[in-house]
Amino acid sequence: MTDVTSDIRPARSQWADVWDQFKTHRGAVMGMGFFVFVCLLVAIGPYLWTLDPNFIDIRAKNQSPSMLHPLGTDQLGRDTFSQVLAGGRVSLLVGVVAMALSLLLGTFIGVLAGYFKRLDGALMRLTDLFLALPLLPLLLVMIMLFRDTLRAAFGPETGIFLLIVFAIGITSWMNTARIVRGDVLALKEQEFVLAAQSIGTPPYRMIMRHIIPNVMSPIMVSATLGIANAIITESALSFLGLGFPSDFPTWGRLLFDSTNFMTLNPERVIWPGLAISLTVLSVNYMGDGLRDALDPRIRGR
Amino acid sequence: MRMKSILIGAAAALALAPAANAGRGDAGHVNIIYWQAASILNPFLSGGTKDVESSSMVIEPLARYDENGNMVPWLVTEIPTVANGGVSEDLTSITWKISPGILWSDGSPFTSADVVFTADYCMDETGGCQQLAKFSDVTNVEALDDLTVKVTFGKPKPFPYGPFVGGESPIIQKAQFADCMGAKAPECTEQNFGPHGTGPFRVTEFRANDVISMEANPHYRDPNKPAFATLTFKGGGDAAAAARSVLETAEFDYAWNLQIDPAILTQMAGAGKGTVVSAFGTGVERMMVNLTNPDAALGDKRSTVEGGPHPFLTDAAVRRALSIAIDRNTLAEVGYGAAGKATCNVLPAPAIYASTANDECLVQDIAKANAILDEAGWAVGSDGVRAKDGVRLSILYQTSTNAVRQDTQALVKQWWSEIGVETELKNISASVFFGGDQSSPDTFQKHFSDIEMYTNLFNGTDPEAYMNSWTCAEIPNPGNNWLGSNMPRYCNPAYDALSAELSGTADIDERARIAKAMNDMLMQEGAMIPLVHRGRVSAHSNTLGGVVLNTWDSELWNVADWTRN
Amino acid sequence: MLNYTIRRLLFTIPTLLFISFIIFLLLDLAPNDPTGNLPMTITPDVREKIRESLGLGQPIHIRYFKWCVQFFVNEPLNIVEQYFDITIGQGDRLRVSSWSTRSPVGDLIAERMPQTLWVVGMSYVIGILIAVPIGVYSAYRQYSWFDQTGTFVSMVGFSVPTFFTGVLMIVIFSVYLGWFPSKYDTLHVVTDWESFVFQVRQSIMPVSVLALFNASTISRFMRASMLDNLNQDYVRTARAKGMTERIVVLVHVLRNSLIPVVTVIALGIPQVFGGAIITEQVFSINGLGALLIQGIQGADIPLVQTLTFIFAVLIVFFNLIADILYGILDPRIRYD
Amino acid sequence: MLDGAAPILDVSDLKTVFTTRTGEVHAVNSVSFDLAPGELLGVVGESGSGKSVTMMSLIGLLPMPPAEIRGGTVMFEGRDILSMSPDELRDIRGSRIGFVFQDPMTSLNPTFSVGFQLMEPLRKHMGMNKKQARARAVELLELVGIPDALPRLSDFPHQFSGGMRQRVMIAIALACDPKVLIADEPTTALDVTIQAQILELVRELRHKLGMAIIWITHDLGVIAGIADRVMVMYGGQIVEQAPVRELFARPQHPYTRALLETLPSVTGERTERLKTIEGQPPAMREHPVACPFRARCVKAMDICARKNPPIVTLAGEHDVACFWDAKTGEARHAG
């Protein structure tokens, strides 16, 4: 029997509470575990599995999994495992950075528009404007304008990376902004916000303490969708010949390249597809856990 | 009594019909898929293969090439030659005799006036005719009578079969296009989308960049052809999807240009619903070396002769090393299978023009390539890349987006890395790369790269116009709006002299000698690096009969003879 | 409400003008030469004439004004004339023509619209019809096997690109089973039951590929929103009143949960008109998506401007719809 | 019990457990009490003492899972509620037993009109048609003191003030003439003048309608004014129960005493600080085998850590669960 007094907890920071609650969510912990695992794998993996992803061994083309090539080889005899590892680095980085950028922008604009009535009209028209601009022309124009400059400044890979992340980031924040704004509008009517306002809480603290935690769940959903969206947009850009150089593997490109080999080497399509799906799934579960953890009603239970 | 015989006749017809597609329209419907959709049915306004070939079922030239590259009379009684008097002794004129009784699809007679009109239409300088090269040196086209046309050239023309021969130079109807001359040409949507023709089919509906439906031309000259009553020419998708729809699902009867991994194609053909057909023409997948400097810092002078020579590709040793480091046989096998063979010539066919002087490159020799570079003073640096006087052998290598081309790029990159050459790969959507938009930096004419790769070919069997592509005058530059076909920016007075000699020579053996010399000069001076002699690969369903793949003319040249098995 | 709607409606006019100006500018300043796509054999001076006839030599505000007149006055009148077969005014107004095919842009769009609306629109409707119940039930039974399966399927659904799912379906249903055609016949006209069946058969695969994607997205939002509301006090009140679970969930919770989801759905509708570039390519549907990408790649500026502007009009319109629905669903948000 | 009448509600040995990700929480531990017709029972205790959970367990309002009723019986009008089917239970909820919640701001559905929410139970339980329900709804709003009731039916909750919303909640709870009204801290969220109005309303309605009321609060001052009998809860169990005068006059349990000491004294010095009870309520991770209050109890003894004190009935219908005897100031002989 535990001593009841031991349950008398000292006051703790909010984030420690959130973490405690997060830990209790099995799916979230597993998702986080998997995500960390994938990140570590693609970060460290290439040092352990040292086969060059672009090394061509034409005699070993279209092979099924074996000891030498655990996930088989592609039509030029490149090792699929090292390609998946190398591709993961790019895809994850693109996914996470572009998602973070679009979330930051979307939340920022959504909160501002919802909270400050004066800014609402202008910001929402801005959002409309971005929504109305079709993504592809914008991307094409941007890429055509800046590709050479960036390539000269940062080299072909980093230059394109910056461009893609930026392009995806600034063309995908609008939905988040709309949803967040809607939520903030509704929240503003609620008493706790009115109460906080009445005691003179400054807007910055108001937003950080009261608004943001309460719009966390749509943001979490957007985050999950955002990662998948970024990974897929990257592959669509490659598909149009505007992405990374063709010898630069990404998960989206690996999946695209292997699609035509679906009936010839069915196992080849599985790996990149699985990698994308499981990563998105793990981010989703993390999002679920975080949302639950941030919800004070559930936390109290 | 009469009634009875009619009934018997009908019954007999019914009994016979399935056995032989004897009459026009008996075989029902045929589906053709070109994964690049047709955007217009007027080859004078678009040079795209898809547009030329789709229109070839409707409008026809006076003479065509058959599957062996021989010229055959099509709307005329015979091929004019010096021997039969059709070509004048001084080679400055050619006279075509139109077969009598040919009707347009609207029922009006086909006459020499239509032929003359076609020449005027294309030669109108404000019209922007895409096939103007076919009419080069033509000074006059006149109708001698209703069925006789005389074409006069400004100088002796040993090969007078440019105008009105082959799918790219068909005859359009004067009555229909009379108001579409010159600047108005592009605005005649109705005419350009539905030309009247003498071919086996006529257009019933045209949807730009999507689909064309056609029906048998009721006025076609052979009353029993075409066997198909209706036809759908569908566009869109990609090569693999097109192959699948013929070979695996049999939804379509004919699919064009299946440049996909040969392993996939073989597997699809294994389904037993269709047949892959291929034949070699003049197509060569080649690398165009940039002999001028593509450095972005040069601004307007980028990739022009004024911008100065290329920092290292002007070194013959480098170009030779790059060439022999490539294993062309592997490229052919991986990318093209049976439809490709290694070549060291830009002019590999017809056989009389094929040179053997450059066969050194057929065998890959990395060691030798390294030795050549060592000798030329390109030393391997600490990063594994060769350099001389601060110039690194770092190549930007661009091509269009296509799985086979990207595989080729990857292979070449690896081989070049073995001789200390760094390669950056770039691929550009085909519609941009070949699109000709003057302000786009990514067109193949601009060549803002060190090496670019694509296939080029010529229709027909005469290489004169083709070999003229690499004369000094053909270099694209801002002054000529980047028009021109000399992508390597190769300029050699000796080559220009040979070109002039070729156009003045009539004897076929002598022409072959000159053409070979031109080919060898281009190869030995390294203006381009040929890789694979590519055949055309198409597929037809097993129920479609009469397909004869023709690489010298439109693939659909004999669509009138197609039948249902 | 009516007042608000009218005010919003009036407000869309400057918005649309502004957006149209931005689109005009963006494409105008893009590094594409409108005459670049003309045949190469056209001589430079002819080319210059063409540029002039396109008004490219004039100052930007004049070109914009001309473009507006063309777009807001001439083209609608042309369409009305064509549709009703009547002549208004002089009747020979210039039409906005595509530079690459030289046919009126309006005709091209009209040609492409049916297949896009049918396939992409249908997939959207089906996506919503699937997503809402799944989202509701997943949230109601959070962490049940149904919820877990739904989560997994929807994650896979939007993390696997349509170029893969499309080809996969073709391989299974066209190649192996031979049930459905792999290419979409845009010429097909529904006249009787049999042709309708064919239309359904040829749409099943593209529609389900896109519907899977749409349903995945919307069901995530639906589920999240339901979860937020299921914990609210008013739900307990409804239960305390003795309401059945059915009414509690489907009346009380659903209505509140739909508020944010309606925004997501309404904002997604214009995308339907944008077509689905990849899916259209996989099944050779050649709808608006294919048209747009062709226009972009071929530097066909009138085509791209028109499509983009139609897109902008739709966005603004559905934004308005979303806001009005918001007001209907959520009485707390008042517009005064 | 008043007048010895048969109780309308008889709860015995109720146990409710929550299963959370961190383990079980024993929220209600063997709670037994009864309620006579027309009686007003006050239930007092700190937040987390199990008051609300006990009442919600009675009528199946707890989400299950995570909640689970581990045992006990709840006899209402002669039938055991806990063994009823969900449908039968729903028929009782909202018609025979009404419920008013703490926070009127969030307890009404923001997207439906007040009229709709008020008419819902009428139509379901009383089988009224729209017209009848509407008429009754107007009556009810007037009953709870909302003026100009008819047009207000189509108003939405956000158009009402807090006090008015609570009146609406009460109207909803009373809609079907319940026998028992459970009010869970109905005045806590309201300011003092409104509180007084609501209290007055309830008192008045109770006499008018003659129903029994369970009034949950942490405010002993409120209880003193309206309750017939008071039940003090701590750590998921009842620690003391007595008629209101008896309890205030002779509090037996140290916890009750501490609670009473926290009340501001009317006669006391103004400068005197209000007393508080040191420490925090227990987390109730396990079924209590010791006195849950011992850690904060000024009279704690050795036995308190070994044994959970049983309920002892003293004179004057006064129940208490403690080993310490308030009369003698010594340990009671534990049985």
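Below, chain A is the first sequence line, B the second, and so on; all start at residue 1.
- The distance from the CZ atom of Phe261(A) to the CD1 atom of Ile260(B) is 9.0 Å, given to the nearest 0.5 Å.
- Taking CE of Met262(A) as the start and CD1 of Ile264(B) as the end, the distance is 10.5 Å to the nearest 0.5 Å.
- With hydrogens and angles ignored, the 3.5 Å screen pairs no side-chain donor or acceptor of Gln75(A) with any backbone N or O of Asp261(B).
- Contact tally against chain A (heavy-atom pairs below 4.5 Å) for Gln406(B), Gln414(B), Lys426(B): the top residue is Gln414(B).
- Among Asp327(B), Leu411(B), Val334(B), the residue with the largest count of heavy-atom pairs under 4.5 Å with chain A is Leu411(B).
- In this structure, chain B has no heavy atom under 4.5 Å from any part of Thr259(A).
- Every residue two or more places apart in sequence or in another chain was checked for a salt bridge (charged side-chain N to carboxylate O under 4.0 Å, His left out) with Lys273(B), and none qualifies.
- Using a 4.5 Å cut-off between heavy atoms, Phe55(A) contacts chain B through both its backbone and its side chain.
- Closest approach of Ile56(A) and Ala410(B) over heavy atoms only: CD1-O, 3.2 Å.
- Counting heavy-atom pairs under 4.5 Å between each of Lys413(B), Gln409(B), Glu333(B) and chain A puts Lys413(B) at the top.
- Of residues 79-107 of chain A, no residue lies under 4.5 Å from chain B by any heavy-atom pair.
- For Phe34(A), the CZ atom counts as densely surrounded, since its 6.0 Å shell holds more than 12 non-hydrogen atoms of other residues, nucleotides or ligands.
- Interface remark: Ala296(B) contributes no atoms to any contact with chain A (heavy atom separation under 4.5 Å).
- Atom CG of residue Asp247(A) and atom CD of residue Glu424(B) lie 8.5 Å apart, to the nearest 0.5 angstrom.
- Residue contact with chain B, scored on non-hydrogen atoms closer than 4.5 Å, involves the backbone and the side chain of Leu264(A) alike.
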